[in-house]
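Single-structure report; data block below.
All chains are named by letter (A, B, ...) in the order of the sequence lines, taking the proteins before the strands, and each is independently numbered beginning at 1. In this text, all values refer to a predicted model and were calculated from it rather than measured experimentally. FYI, side chains are in, hydrogens and waters are out, and symmetry mates aren't considered; it's all heavy atoms of this structure.
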Protein chains: 2
Amino acid sequence: MPSKPAAITMDAVYAAPGYLFRRMQQIAVAIFVEECRAFDLTPVQYAALVSIHTHPGIDATRLSAVIAFDRSTLGNVIERLESKALVERKPAREDKRVKLLYLTKAGAATLREIMPSVERAQARMLQPLKAADRKVLLALMTQLVDLNNEASRVPLRAEDALEHLGKSG
Amino acid sequence: MPSKPAAITMDAVYAAPGYLFRRMQQIAVAIFVEECRAFDLTPVQYAALVSIHTHPGIDATRLSAVIAFDRSTLGNVIERLESKALVERKPAREDKRVKLLYLTKAGAATLREIMPSVERAQARMLQPLKAADRKVLLALMTQLVDLNNEASRVPLRAEDALEHLGKSG
DNA sequence: GCCTAATTGACAGCATACTTACAATCTGGC
DNA sequence: GCCAGATTGTAAGTATGCTGTCAATTAGGC
């Protein structure tokens, strides 16, 4: 007998991995913003600060590869960090196109001070799960993100991007 | 001995659940858009179509609760769907503030036709994992999203939102 | 050495995702 | 039946996240 097409129900949304990822991302951002309200930093801005801290003198294009953010998006993020005086852009001598990124004193201080709040936020996201399940979920997500790296429009290219630097990590 | 604060490395980003969720969401959208390119529908627009199909005559506020999208965001989404002639807005008789949402013929047809592509996309997101791991990840994500529901700015309120309707489910 | 290729940062444009605010409207308490 | 307060849709403002494109600059093939 010919199989009828399945009826379209809300399960086509609720049970879809894509919907769960979107929903969890919304929740994660909400928790982060709540815990870090005192610092007026978004998750993206925080990630940029960490990367510039870890790779001082990196340029915007390489930074976008290191945290897998779109180059255009990152430009705006850096602009905001600069206007908050957390980050400085200095023209590179060897290449007139490039601007090198550095944390200001205030940027380094903010990063140091926000860390406990960030850790609280990250913990809260997984809090509802049992400890063993947290580990499993983290491991599977790490695996999945890694294996799907090329599927995203801006793949993570941590190593490639750092070949020109002292290659600190 | 006093414990030194941990050095800030890129692990503060890469190993953080928030980063993994963001990254996976990026990947999921990229895969969805790629598989559904022929239909010019985003994941959010697809979810809205499914919900309006399942709950014809729903209003925008209730719809936002049913798929946990922000009311403002959803307004723009509906506007775009309307301009593509996939959705109609009709004023409610009993309440002059409310506009009821319906799929057009084209909207229903598009939804019917896009389903195979959506299912391909959803499958691709988890493809790299072993079958058993896919199940585990889906179960844990479902659990986590549910338990964290109240933490998001726009919690899912499927039942509440549908009390006024025929309550089709 | 020169000219094509690629790269870099910037910009414009579209689509989420949130905030606050507002006018129109409805509801409940009295 | 009126009025305070809630609800609905909408709008403006900010922040990702992507697509393009562009000028300036650099690098490579020859």
Side-chain angles (χ1 to χ4, degrees), chain A residues 18-19 21-23 25-34 37 40-48 58-65 67-84 89-101 152-155 161 164, chain B residues 18 21-23 25-34 37 40-48 58-65 67-84 89-101 152-155 160-161 164:
Chain A
Y19 178 76
F21 293 135
R22 169 181 306 274
R23 194 84 189 87
Q25 148 75 358
Q26 286 179 346
I27 290 166
V29 171
I31 290 176
F32 185 103
V33 169
E34 192 178 314
R37 190 177 300 286
D40 188 33
L41 270 193
T42 66
V44 167
Q45 289 165 11
Y46 160 76
I58 196 173
D59 62 285
T61 295
R62 244 144 295 268
L63 181 55
S64 87
I67 46 183
F69 291 171
D70 180 80
R71 219 154 49 102
S72 296
T73 303
L74 191 58
N76 300 328
V77 174
I78 293 172
E79 216 172 282
R80 271 168 233 126
L81 289 174
E82 207 179 12
S83 79
K84 291 188 209 177
R89 267 191 283 209
K90 298 182 185 174
R93 252 179 247 96
E94 336 79 60
D95 189 333
K96 285 180 201 162
R97 294 169 304 179
V98 172
K99 296 181 182 175
L100 307 180
L101 300 169
S152 78
R153 307 310 257 143
V154 188
H164 80 302
Chain B
F21 292 135
R22 170 182 304 276
R23 193 85 187 86
Q25 149 74 357
Q26 286 179 346
I27 290 166
V29 171
I31 290 176
F32 185 103
V33 169
E34 192 178 314
R37 190 176 300 287
D40 189 32
L41 270 193
T42 66
V44 166
Q45 289 166 11
Y46 160 76
I58 197 172
D59 61 286
T61 295
R62 244 144 295 268
L63 180 56
S64 87
I67 45 182
F69 290 172
D70 181 80
R71 217 156 48 103
S72 296
T73 303
L74 190 59
N76 300 327
V77 174
I78 293 172
E79 216 172 281
R80 270 168 233 124
L81 289 174
E82 207 179 12
S83 79
K84 291 189 209 177
R89 268 191 283 209
K90 297 183 186 172
R93 253 178 250 96
E94 337 78 60
D95 189 333
K96 286 180 200 161
R97 294 169 305 177
V98 172
K99 296 181 182 175
L100 306 180
L101 299 169
S152 78
R153 307 310 259 144
V154 187
D160 300 15
H164 82 299

Requested in this report: Please check the phosphate of C/dA17 (OP1 and OP2 only) for any side-chain N or O of B/Q25 closer than 4.0 Å.
Outcome: yes
Query raised in the report: Under the salt bridge (charged side-chain N to carboxylate O under 4.0 Å, His left out) test, which residues partner B/K84, sequence neighbours left out?
Result: B/D40
Report task. Compare side-chain N and O positions of A/R153 against OP1 and OP2 of D/dG17 and report whether any pair is under 4.0 Å apart. Result -> no
Requested in this report: Please work out if A/V154 contacts a base, only the sugar-phosphate, or nothing of the nucleic acid, heavy-atom cut-off 4.0 Å.
Outcome: sugar-phosphate
Report summary line: To the nearest angstrom, the CD-P distance between B/Q26 and C/dA15 comes to 19 Å
Report task. Select from A/E94 and A/V44 the residue whose nearest nucleotide in DNA chain D is closer to the 5' end of that strand. Result -> A/V44
Query raised in the report: Any idea if D/dA23 is syn or anti, going by the 90°-from-0 cut?
Result: anti
Query raised in the report: With a 4.0 Å cut-off on heavy atoms, is B/V33 in touch with a base, just the backbone sugar-phosphate, or nothing at all?
Result: nothing
Query raised in the report: Tell me: CZ of A/F69 to C1' of C/dG9, nearest whole Å?
Result: 18 Å
Query raised in the report: Atom OG1 in B/T61, atom CG in B/L74: separation rounded to 0.5 Å?
Result: 8.5 Å
Query raised in the report: How many Å lie between CD1 on B/I31 and P on D/dC18, as a whole number?
Result: 13 Å
Report task. Looking at every strand, decide which applies to A/V77 at a 4.0 Å heavy-atom threshold: base, sugar-phosphate, or nothing. Result -> sugar-phosphate
Report summary line: Residues at least two apart in sequence or cross-chain that pass ring-ring contact (aromatic ring centres under 6.0 Å, His included) with A/F21, listed by chain then number, are none
Query raised in the report: A/V44 versus A/F69: any side-chain heavy-atom pair under 4.5 Å?
Result: yes
Query raised in the report: Reckon B/T73 touches a base, only the sugar-phosphate, or nothing at all at heavy-atom distances under 4.0 Å?
Result: base
Query raised in the report: Could you give the CD-to-P distance, from A/Q45 to D/dG17, as a whole number of Å?
Result: 11 Å
**Report entry** With A/R153 via salt bridge (charged side-chain N to carboxylate O under 4.0 Å, His left out) - residues at least two apart
**Finding:** none
Query raised in the report: Phosphate oxygens OP1/OP2 of D/dT14: is one of them under 4.0 Å from a side-chain N or O of A/R80?
Result: no
Query raised in the report: Over how many whole Å does the gap from A/F32 atom CZ to C/dA17 atom C1' extend?
Result: 16 Å
Query raised in the report: CG of A/N76 versus C1' of C/dA15: gap in Å, rounded?
Result: 15 Å
**Report entry** Residues forming a side-chain contact (heavy atoms from CB on, under 4.5 Å) with A/R89, sequence neighbours excluded
**Finding:** A/I78, A/E79, A/E82, A/K99, A/L101
Report task. Heavy atoms under 4.0 Å is the rule here; annotate nucleotides 3-12 of chain D 5' to 3' with B where the base is hit, S where only the sugar-phosphate is, and - elsewhere. Result -> ----BBBBB-
Query raised in the report: Atom CG of A/D70 to atom C1' of C/dA12: distance rounded to whole Å?
Result: 14 Å
Query raised in the report: Starting at CG of B/L41 and ending at P of C/dC14, how long is that distance when rounded to a whole Å?
Result: 18 Å
Query raised in the report: Taking only residues two or more places apart in sequence, or in another chain, which ones meet B/V98 in a side-chain contact (heavy atoms from CB on, under 4.5 Å)?
Result: B/D59, B/A92, B/D95, B/L100
